[in-house]
*Asks:* 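There's a structure below that I have some questions on.
Counting convention: from 1, in listed order, for ligands and their atoms alike. Numbering of residues begins at 1 and proceeds along the displayed sequence.
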Amino acid sequence: MARLEQKREENIAGNFYVDSTCIDCDTCRWMAPSTFSRIGEQSAVYEQPSTSSEEIKALQALLSCPTASIGTLNPPQKIQQAQNSFPIPIAHNVYHCGYHSEKSFAAASYFIQRKEGNILVDSPKFNPALVKRLEEMGGIKYLYLTHKDDIADHQKFHDHFNCDRILHRDDITSTTQNIEIPLDIDKPLQFESEIVIIPVPGHTKGHTVMLCKDEFLFTGDHLAWSENLNQLIAFKNHCWYSWEKLAESMEKLTPYSFNWVLPGHGRRYYSDKETMRQKLKECIQWIESTLK
Ligand code: SF4
């Protein structure tokens, strides 16, 4: 729970507030942009929710905050409604799980509902309300991990749902050595119909991305949208393996068509496929300009 005695002075007066434990992860700002903003080096409430929909969004952000830094002065009446809204639909059969974990550096995770078996993409917090909702939606067949950083509560999800965890062998560490499906690939793998896993070494050596139905690209920490730059980006300051390799890996995405970039960190992006192709090209040109 957020601590009232640590409430940031930058919050506008009213029910919702952010306390000083905020780690500036950006989650609340994109989940509820009409309520939260960056003021100083952390988030704060710049406008109190004024409609029911804004209140639900603010509560979804409160539940997703990895450090429980968002609070309300009064007990939130709609908290159960907000809990039941997870996972939050994005498009078709793809959902945002919310409940970001500090263990995954606040990365977003996703849920794909499919008749062949559901897929959890990266790990949210093992939260009982979310787990119940995922049970109701058919459980989890696979837990696909884009890379070694965003694994959070993977063991709890495996133990509860008996799901097979997928991670590239080059990103396996002591905490993931028992995963069920280690990937030994340096080329794209048609994992199941409509699911392709593409190795993209760079951010980490064993980073992969997953393409679903030629529509959704789950990018982990490889590729994201920047609101500030108005373009697709990669994270040069958080590239742990090789920026040069990351540049090569980005090129490998050009043969593919997709409408959505759904990242762990950074903002998601949607466009028609032609615009996406152009945005990816601009991103590659930008990365290449940093290599000169
Ligand atoms: S979600 Fe929490 S930690 Fe992240 S920016 Fe908002 S208040 Fe800060």
Side-chain angles (χ1 to χ4, degrees), residues 1-50 53-76 78-79 81-88 90 95-111 121-130 133 146 149-153 219-221 224-229 233 235 237-238 262-269:
M1 285 297 292
R3 287 132 290 242
L4 192 51
E5 65 278 11
Q6 291 179 269
K7 178 173 178 262
R8 296 193 71 218
E9 285 177 3
E10 289 81 354
N11 294 289
I12 197 158
N15 193 26
F16 281 83
Y17 65 91
V18 176
D19 77 19
S20 60
T21 62
C22 166
I23 57 170
D24 195 27
C25 75
D26 191 41
T27 300
C28 58
R29 303 193 290 259
W30 66 260
M31 288 189 71
S34 58
T35 300
F36 301 97
S37 180
R38 190 168 197 254
I39 305 177
E41 302 289 300
Q42 295 171 305
S43 285
V45 174
Y46 76 99
E47 198 158 315
Q48 293 291 338
S50 60
S53 149
E54 284 179 355
E55 189 182 349
I56 290 293
K57 281 193 168 69
L59 288 171
Q60 288 171 333
L62 179 153
L63 291 167
S64 297
C65 175
T67 46
S69 304
I70 301 172
T72 54
L73 299 181
N74 306 312
K78 295 184 174 151
I79 195 72
Q81 192 182 337
Q83 281 176 336
N84 290 339
S85 70
F86 287 101
I88 303 168
I90 296 175
Y95 299 79
H96 167 219
C97 292
Y99 295 96
H100 296 202
S101 170
E102 199 175 3
K103 286 185 260 180
S104 283
F105 307 98
S109 60
Y110 304 92
F111 184 71
V121 179
D122 288 328
S123 172
K125 266 185 207 156
F126 190 81
N127 175 278
L130 176 64
R133 288 287 299 126
T146 54
D149 298 335
D150 295 351
I151 60 174
D153 290 332
T219 56
D221 288 351
W225 180 257
S226 164
E227 290 288 337
N228 292 338
L229 298 174
I233 57 159
F235 301 103
N237 294 336
H238 298 90
L262 295 173
H265 293 102
R267 302 290 176 98
R268 68 176 71 151
Y269 180 64

*Asks:* In terms of atom number and element, which parts of ligand 1 are under 4.0 angstrom from non-hydrogen atoms of Asp26?
*Replies:*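 So the answer, numbered in order with elements, is 4 (Fe), 5 (S).
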
*Asks:* Under 3.5 Å, is there a donor on one side chain and an acceptor on the other for Ser85 and Gln81?
*Replies:*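 Looking only at side-chain atoms, Gln81 and Ser85 do not form any donor-acceptor pair under 3.5 Å.
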
*Asks:* Is Cys22 close enough to atom 8 (Fe) of ligand 1 to have an N, O or S atom under 2.8 Å?
*Replies:*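 Under 2.8 Å: Cys22 contacts atom 8 (Fe) of ligand 1 through an N, O or S atom.
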
*Asks:* Could you list the atoms of ligand 1 found under 4.0 angstrom from a heavy atom of Ile70?
*Replies:*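 Close to Ile70: 7 (S).
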
*Asks:* Show the atoms of ligand 1 that are less than 4.0 angstrom away from any heavy atom in Thr67.
*Replies:*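 What qualifies from ligand 1 is 3 (S).
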
*Asks:* Does one side chain, of Thr72 or Asn15, offer a donor that lies under 3.5 Å from an acceptor on the other?
*Replies:*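 Result is no, nothing qualifies.
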
*Asks:* Starting from atom 6 (Fe) of ligand 1, find the nearest protein heavy-atom neighbour and note its residue, name and distance.
*Replies:*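 Going atom by atom, the protein heavy atom closest to atom 6 (Fe) of ligand 1 ends up being Cys28 SG, 2.4 Å.
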
*Asks:* Residue-level breakdown please: for Thr21 versus ligand 1, do any non-hydrogen atoms fall below 4.0 Å on the side chain, on the backbone, on both, or on neither?
*Replies:*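 Under 4.0 Å from ligand 1, Thr21 contributes no heavy atoms.
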
*Asks:* Verify whether one side chain among Ser69 and Thr21 offers a donor that lies under 3.5 Å from an acceptor in the other.
*Replies:*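 A donor-acceptor contact under 3.5 Å links the two side chains.
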
*Asks:* Is ligand 1 under 4.0 Å from a heavy atom in the side chain of Ile23, in the backbone, in both, or in neither?
*Replies:*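 Both backbone and side chain.
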
*Asks:* For atom 4 (Fe) of ligand 1, which protein heavy atom lies nearest, and how many Å away is it?
*Replies:*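 Here the nearest protein heavy atom works out to Cys25 SG, 2.3 Å.
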
*Asks:* Is it the case that the side chains of Ser226 and Arg267 hold a donor-acceptor pair, with the cut-off being a distance below 3.5 Å and no angle test?
*Replies:*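 Absent: no donor and acceptor within the cut-off.
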
*Asks:* Just to confirm my output: which protein heavy-atom neighbour is closest to atom 2 (Fe) of ligand 1, and how far is it?
*Replies:*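 Ranked first by proximity to atom 2 (Fe) of ligand 1 is Cys65 SG, 2.3 Å.
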
*Asks:* Apply salt bridge (Lys or Arg N to Asp or Glu O under 4.0 Å) to the pair Glu5 and Arg3, showing each step before the final yes or no.
*Replies:* CA-CA 5 Å; Glu5 65 278 11; Arg3 287 132 290 242; 5.9 Å; no

*Asks:* Taking the six-membered ring for Trp and the full ring for Phe, Tyr or His, determine whether the centres of Tyr95 and Tyr110 are under 6.0 Å apart.
*Replies:*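 No, the ring centres sit 6.0 Å or more apart.
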
*Asks:* Is the Trp30 ring parallel, tilted or perpendicular to the His100 ring (thresholds 30°, 60°)?
*Replies:*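 The arrangement is tilted - the two ring planes meet at 30° to 60°.
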
*Asks:* For Thr27, take its heavy atoms, then give the atoms of ligand 1 lying under 4.0 Å from any of them.
*Replies:*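 Heavy-atom distances to Thr27 below 4.0 Å select 1 (S).
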
